[in-house]
Structures are given as C-alpha cells and as structure tokens.
Amino acid sequence: MTGRDLTGLRGRDRGQTTQDFAVGISVFLLTVTFTFAFVPSTVTPFGSPVTDAIPAKSDRVAATVVDTYAEDGSARTLDLDKMVGEVIGSSDSGVTVSGTDIRDKFGLRATAQVNVTIQKRTGDVVETTYDGGTYRLTGGDDYPSNQAAASTTRVIRLEGVDGCQTGCLLVVRVW
C-alpha cells in the first residue's frame, strides 16, 4: 500500500459538509417552529368555549326557578304571577327583567350573561296576555344565536297560558 485512498473518495468528496449540516438543521427547525405555531390554531375551533362551571350555573338557575316559582302541590307547574317582574318580563308592557336583575337574584358573577326563556315545544318563545299587557316570556340578557352557551331545559306547565297547559320548556342559558 502506497498511501493511496482505497475507498475512491478524496478529502473534499466526503459524505457531509458543514454547509449540509447547517441547511439540514435550519430546515428542521423551521418545520418544528411552523408546526408549533400553526397546529394549535387549527385545533382551537374544536375546543369548548364553555368552561366546566358554566353548565352548573345554568342548572342551578333552572332548578331554583322551578323550586321557587312552583305552585303549591305541583312540582312542575309554575306560577306566572310570581315570575313576572322577577325572571320574565316584556318591553311591550313596560316590565323588563335585565341580566343584572337575574345575576343578582341567583348570585352569578357580573361577567356572566344569563337568559331565561319559556318556549313552546316547537322552539317559539311563549307570548301571553297578562295583567293588561302582552308578554314574551323571556328575561335577562339577549342571547346571540352564534354564542356558545351552557343551556339547561326543564319541562314545565303554566296554567292559563295557551300552549303551556300540557307542557312548555323553561330554557336557561348562561354564557
């Protein structure tokens, strides 16, 4: 052997140079950075904006409304006289119940938004004539349809209200 390279490679023809290493690491780091920056934003729309405490709040408000405003001797028949001005109202008759009124009544935080609505089984808000005024049986903050919210529904009856003698829905939304 006379000192010649038997592998057929000369000194500058070796496998990896410093420049190859720098380019490879740069591409790898850019890929990792892009992945960590982009993937969370693609998963975000599937996350729930409703935290664990919010469904408990809507359930508590619904249960309290049913317990507080139930007619004597009937667990699911509510007394409209007691409810008007406390949890439901109507701007047509001048009796309004704001979200602040309901938050204060049920001990919710000032940052919570709450809506109490009595609906027919078709989903329409119940309207009735009461004490000389027309009432849409709803109270609290206006619920935007595109807002995620915790919703609790109870089947109730309201004596003397068309469509509610056999059953309506008490819907409480908190967001």
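All values below come from the heavy atoms of this structure, side chains included, with hydrogens, waters and symmetry mates left out. The first residue in the sequence is number 1, and the count goes up from there.
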[X]: which residues meet the side-chain contact (heavy atoms from CB on, under 4.5 Å) condition with it, sequence neighbours left out?
X	value
Thr122	Lys120, Asp124
Arg154	Asp59, Ala62, Ala63, Val66, Arg76, Thr152, Ile156, Leu170
Thr68	Thr64
Thr33	none

Within this structure, what is the [atom1]-[atom2] distance for the pair [X] and [Y], rounded to the nearest 0.5 Å?
X	Y	atom1	atom2	answer
Gln119	Thr138	CD	OG1	8.5 Å
Thr77	Glu71	OG1	CD	6.0 Å
Leu78	Arg157	CG	CZ	10.5 Å
Asp79	Leu158	CG	CG	9.0 Å

Work out which heavy atom in [X] is nearest to a heavy atom in [Y]; give both atom names and the distance.
X	Y	value
Ser74	Ala70	O-CB, 3.5 Å
Val87	Val65	CG1-CG2, 4.4 Å
Ala150	Ile54	CB-CG2, 3.4 Å
Ser58	Pro55	OG-O, 3.0 Å
Val174	Val114	CG2-CG2, 4.0 Å

Who are the side chain to side chain donor-acceptor pair (under 3.5 Å) partners of [X], not counting sequence neighbours?
X	value
Ser98	Asp101
Asp81	Tyr130
Arg173	none
Thr128	none

Under 4.5 Å side-chain linkage, directly or through intermediates, the cluster mates of [X]:
X	answer
Val155	Leu169, Val171
Val32	Phe21, Ile25, Phe28, Leu29, Phe36
Tyr143	Trp175

Q.
Under the criterion side chain to side chain contact (heavy atoms under 4.5 Å, CB included), I'd like the reasoning laid out for Leu137 against Leu80: C-alpha separation, chi angles, the key distance, then a yes or no.
A. CA-CA 9 Å; Leu137 301 184; Leu80 186 60; 4.1 Å; yes

**Q.** Asp67 atom CG, over 12 foreign heavy atoms within 6.0 Å
**A.**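 Counting neighbours around CG of Asp67, more than 12 heavy atoms of other residues, nucleotides or ligands fall under 6.0 Å, so yes.
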
Is the closest side-chain heavy-atom distance between [X] and [Y] below 4.5 Å?
X	Y	answer
Thr129	Tyr135	no
Leu108	Arg60	yes
Tyr69	Glu86	yes
Arg103	Arg109	no

Q) For Asn115 and Thr117, does a side-chain donor sit closer than 3.5 Å to a side-chain acceptor? A)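 Side chains of Asn115 and Thr117: pair found under 3.5 Å.
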
(Q) Show every disulfide (SG to SG under 2.5 Å) that has at least one partner inside residues 143-175, sequence neighbours left out. (A)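 Of all non-adjacent pairs touching residues 143-175, those that pass disulfide (SG to SG under 2.5 Å) are Cys164-Cys168.
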
